Amino acid sequence: MQQIKIFKFVDTEIPEMEHQINRWMRKSGARILSVNGNLASQSSSGQGPLNSFAGSDIMVILHYEIDPPQPK
C-alpha cells in the first residue's frame, strides 16, 4: 500500500530534521519510493530588518510503500 509522510521543519533545525526522518524510516519498515523537499524562504513583508534573520520553512515529503495490515 502506497502512502505519504510529510515532515516540516525550519532550516535552523536541519540536523534534527535528518535525525527524525532517518529514525522514522528505520522504525516504520517502509520502502521509500521517493523523497521530495521544498525550502520556502521567509519574506520580511515590511516588518522591519529584524525579520531578515527568520528561519525558512523546509518541507520533506516521503512517498513510501508498506505492507497492508493483516486481518486478525
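None of the values given here were measured: they were computed from a predicted structure. Atoms considered below: every heavy atom in the structure, side chains included; atoms not considered: hydrogens, waters and symmetry mates.
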Do you reckon I14 sits in the same ILVMFWY cluster as M25, going by side-chain contacts under 4.5 Å, direct or chained? yes
Set of salt bridge (charged side-chain N to carboxylate O under 4.0 Å, His left out) partners for E65, sequence neighbours left out: R31
Does one hydrophobic cluster hold both I6 and M1, with members joined at side-chain heavy-atom distances below 4.5 Å? no
Value for CG (L33) from NE2 (H63), rounded to nearest 0.5 Å, stands at 5.0 Å
Tell me whether F9 shares a hydrophobic cluster with W24, the cluster being built from Ile, Leu, Val, Met, Phe, Trp, Tyr side chains joined at under 4.5 Å. yes
Does the D57 side chain pair with the main chain of A40, one donor and one acceptor, at a distance under 3.5 Å? no
Working to the nearest 0.5 Å, report the span between CD1 of I32 and CG of L62. 5.0 Å
Answer yes or no: is there a side-chain heavy-atom contact under 4.5 Å between F7 and M17? no
Taking a hydrophobic cluster as the set of Ile, Leu, Val, Met, Phe, Trp and Tyr residues connected by side-chain heavy atoms closer than 4.5 Å, whether directly or through intermediates, do I21 and V35 fall within one such cluster? yes
Minimum-distance pair of heavy atoms, taken over all atoms of D11 and L39: CB-CD1, 4.3 Å
Note: S28 and I66 closest approach over all heavy atoms is O-CD1, 3.5 Å
In Å, rounded to the nearest 0.5 Å, how long is the span from CD of E16 to CZ of R23? 6.5 Å
